[in-house]
Peer 1: 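Sharing a structure here in structure tokens format.
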Number of protein chains: 2
Amino acid sequence: MKYHKIPDETIRRMPMYLRAFSMLKTEHQDTISSIHLAERLHLKPPQIRKDLSYFGAFGTRGIGYPVSSTAKQIRSILKLNITQKAALIGAGRLGAAIAEYPGFSMFGFDIAAIFDNEPSKIGTKVGKNVVEDISKISMIRDLDIHLAILAVPADAAQSVVDMLVGCHVKGILNLSPCYLVVPRSMKVVTIDLAMELGTLPYYM
Amino acid sequence: MKYHKIPDETIRRMPMYLRAFSMLKTEHQDTISSIHLAERLHLKPPQIRKDLSYFGAFGTRGIGYPVSSTAKQIRSILKLNITQKAALIGAGRLGAAIAEYPGFSMFGFDIAAIFDNEPSKIGTKVGKNVVEDISKISMIRDLDIHLAILAVPADAAQSVVDMLVGCHVKGILNLSPCYLVVPRSMKVVTIDLAMELGTLPYYM
DNA sequence: CACTGTGAATTCCTTCACAGCG
DNA sequence: CGCTGTGAAGGAATTCACAGTG
């Protein structure tokens, strides 16, 4: 295919595809057509074919996509073929839930450090990590971590982000309901539970 | 303005606007222009003007939008002017984090019941509610609750949803990484943390 | 005059329709 | 034949540009 800018929406769907292919693999299915994959994911078949074709021709005509090798391809496109270390900031209830969330490992994420500012939490174990004092946040740089998950109160989020900039963090998953000011080199994804819930009554 | 279908993306942004206007109100600002609001929200001014204009002419030319009355308008558009009761299914770590999440009240949400299937959790207090046995899920119908938040393991999610259909639930915020089969009358929003995190390394 | 409100233009994304291939 | 891969068509959302107004 000749040059095309890859739509952001396509990138957003790639992890969906990765999850689907991973699950198919555990089901010992070795190929899947765009039609059947579309059914699973509530998408249209041409959508899937076009999305995947941006990155190459992974499928076999007449058959479909080989599960195992396509999963591997997607993993390397998303740079999830190498373990991605992430730091978790905030060891409250939400932080603890995230630390023990089993779903990250399928994508190759590893929570490699946890920080909090509350003395009573520092030194306790959350998931597999011991909570460190936020003042030791430069550990993130030393450990060569480039991803952070923010599970702190909204009014603390920006000041934590400013620290993370200095630690060479490149991507943030922000769970606070607030807008973060970051350098252009940093990518932020914000998830705001209340906002997502806020659209539902409109449709009911 | 003549008839226009309102874009889904506009609906998705409305809670953002509501949050922004609510915050402006607590800051005692009484008007805001689309330019300044756009700066706060990292959007473009015409986007905001167009979004709001789908629902009417809330602004004052030469001045901007009146904070208090626009907030009220958005709240009623989203049907958040009346308290929306929600049931929380799953009282694990994630469920507990959600039960105590302070952000829901700004949007008028009230977690009115919590359910779990684990005997050790039933009867304990999480947030302001006592955890009920999932077998009592029909309480949802009796309490006239039409929203549910799903914080259960992925393999349990579909079976819970099937029960919720019978309870006349109309909207679900699903926090499990899975696709739910629901009747057309039901609206589902799924948030998959790992998937959101999965896009970040690509951009780094 | 400074801003909103809005048709028109543009950009972006999805879907179609079919050529091409195993 | 059945499915992928893909230009082209279509549709949706964003942005522009400016008329309209307090």
Peer 1: In whole angstrom, give the distance that lies between atom NE2 of A:H4 and atom P of D:dG5.
Peer 2: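 Those two atoms, NE2 and P, are 15 Å apart.
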
Peer 1: Pull out every protein N or O sitting under 3.5 Å from an N or O of nucleotides 16-18 of chain C, one pair per line with the distance.
Peer 2:
residue	atom	partner	partner atom	Å
C:dA17	N6	A:R49	NH2	3.2

Peer 1: Got a second to check how far A:I191's CD1 is from B:M195's CE, nearest 0.5 Å?
Peer 2: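 Separation between the atoms: 9.5 Å.
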
Peer 1: Expressed in angstrom and rounded to an integer, what is the separation of A:D51 atom CG from C:dC12 atom P?
Peer 2: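 Between P of C:dC12 and CG of A:D51: 17 Å.
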
Peer 1: Please report the distance, rounded to the nearest Å, between NE2 in A:H36 and P in D:dT4.
Peer 2: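 It works out to 10 Å between those atoms.
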
Peer 1: Check each of B:V188, B:D162, B:V165 against B:V182 using the side chain to side chain contact (heavy atoms under 4.5 Å, CB included) test, and report the only one that passes.
Peer 2: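 By the side chain to side chain contact (heavy atoms under 4.5 Å, CB included) criterion, B:V182 pairs with just one of B:V188, B:D162, B:V165: B:V188.
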
Peer 1: Main chain of A:I111, side chain of A:N129: is a donor-acceptor contact present, judged purely on distance under 3.5 Å?
Peer 2: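 Answer holds: yes.
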
Peer 1: Under 4.0 Å, heavy atom to any atom of DNA chain C: which of residues 24-35 of chain A qualify?
Peer 2: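 Correct list: empty, so none.
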
Peer 1: Under 4.0 Å: is that the gap between some side-chain N or O of A:R13 and OP1 or OP2 of C:dT14?
Peer 2: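 Result: yes.
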
Peer 1: For A:R61, give me all partners under salt bridge (Lys or Arg N to Asp or Glu O under 4.0 Å), at least two apart in sequence or on another chain.
Peer 2: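 With neighbours one apart ignored, the set is empty.
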
Peer 1: Nearest whole Å is fine: how far is D:dC3 C1' from A:L52 CG?
Peer 2: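 It works out to 14 Å between those atoms.
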
Peer 1: Find which nucleotide of DNA chain C each of B:Y54 and A:T60 is nearest to by heavy atoms, and output the residue with the more 5' nucleotide.
Peer 2: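 This one resolves to B:Y54.
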
Peer 1: Could you check whether any side-chain heavy atom of A:Y65 comes within less than 4.5 Å of a side-chain heavy atom of A:R49, counting everything from C-beta outward?
Peer 2: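 A side-chain contact under 4.5 Å exists here.
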
Peer 1: How many Å lie between CD on B:Q47 and P on C:dG5, as a whole number?
Peer 2: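 Rounding to the nearest Å, CD of B:Q47 and P of C:dG5 are 15 Å apart.
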
Peer 1: Salt bridge check: are A:D110 and A:K128 linked by an N-O gap of less than 4.0 Å?
Peer 2: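 Yes, charged N to carboxylate O under 4.0 Å.
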
Peer 1: Figure out the NZ/P separation between B:K5 and D:dG10, and round it to whole Å.
Peer 2: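 In whole Å, D:dG10 P and B:K5 NZ are 20 Å from each other.
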
Peer 1: Between atom CD1 of A:I134 and atom CG of A:N117, what is the distance when rounded to the nearest 0.5 Å?
Peer 2: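 Between A:I134 CD1 and A:N117 CG, I get 6.5 Å after rounding to 0.5 Å.
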
Peer 1: Assess whether a salt bridge exists between A:E196 and B:K187, defined as any Lys/Arg side-chain N lying under 4.0 Å from an Asp/Glu carboxylate O.
Peer 2: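 So A:E196 does not pair with B:K187 through a salt bridge.
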
Peer 1: Show the nearest heavy-atom pair for residues A:I32 and A:H36, with the distance to one decimal.
Peer 2: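 Residues A:I32 and A:H36, closest heavy atoms: CG1-CB, 3.9 Å.
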
Peer 1: For DNA chain D, which residues of residues 62-71 of chain B approach it to below 4.0 angstrom with any heavy atom?
Peer 2: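 Close to the strand, none.
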
Peer 1: Specify the separation, in whole Å, of atom CG of B:D8 and atom P of D:dT14.
Peer 2: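 From B:D8 CG to D:dT14 P: 10 Å.
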
Peer 1: Given atom CZ of B:F55 and atom C1' of C:dT4, what is their separation to the nearest angstrom?
Peer 2: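 B:F55 atom CZ is separated from C:dT4 atom C1' by 17 Å.
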
Peer 1: For the base of D:dT21, is there a side-chain donor-acceptor partner from B:R61 under 3.5 Å away?
Peer 2: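 Looking at the base of D:dT21, it does not pair with any donor or acceptor on the side chain of B:R61 (distance under 3.5 Å).
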
Peer 1: List the atom pairs, donor and acceptor, that lie under 3.5 Å between side-chain atoms in residues 70-94 of chain B and the rest of the protein, sequence neighbours left out.
Peer 2:
residue	atom	partner	partner atom	Å
B:T70	OG1	B:P66	O	2.6
B:R75	NH2	B:S22	OG	3.4
B:S76	OG	B:Q73	O	3.1
B:K79	NZ	A:M204	O	3.0
B:Q84	NE2	B:K79	O	2.8
B:K85	NZ	B:L143	O	2.7
B:R93	NE	A:E100	OE1	3.0

Peer 1: Applying ring-ring contact (aromatic ring centres under 6.0 Å, His included), name anything that partners A:Y101, two or more places apart in sequence or on another chain.
Peer 2: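 With sequence neighbours excluded, A:Y101 shows a ring-ring contact (aromatic ring centres under 6.0 Å, His included) to A:F104, given in chain and number order.
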
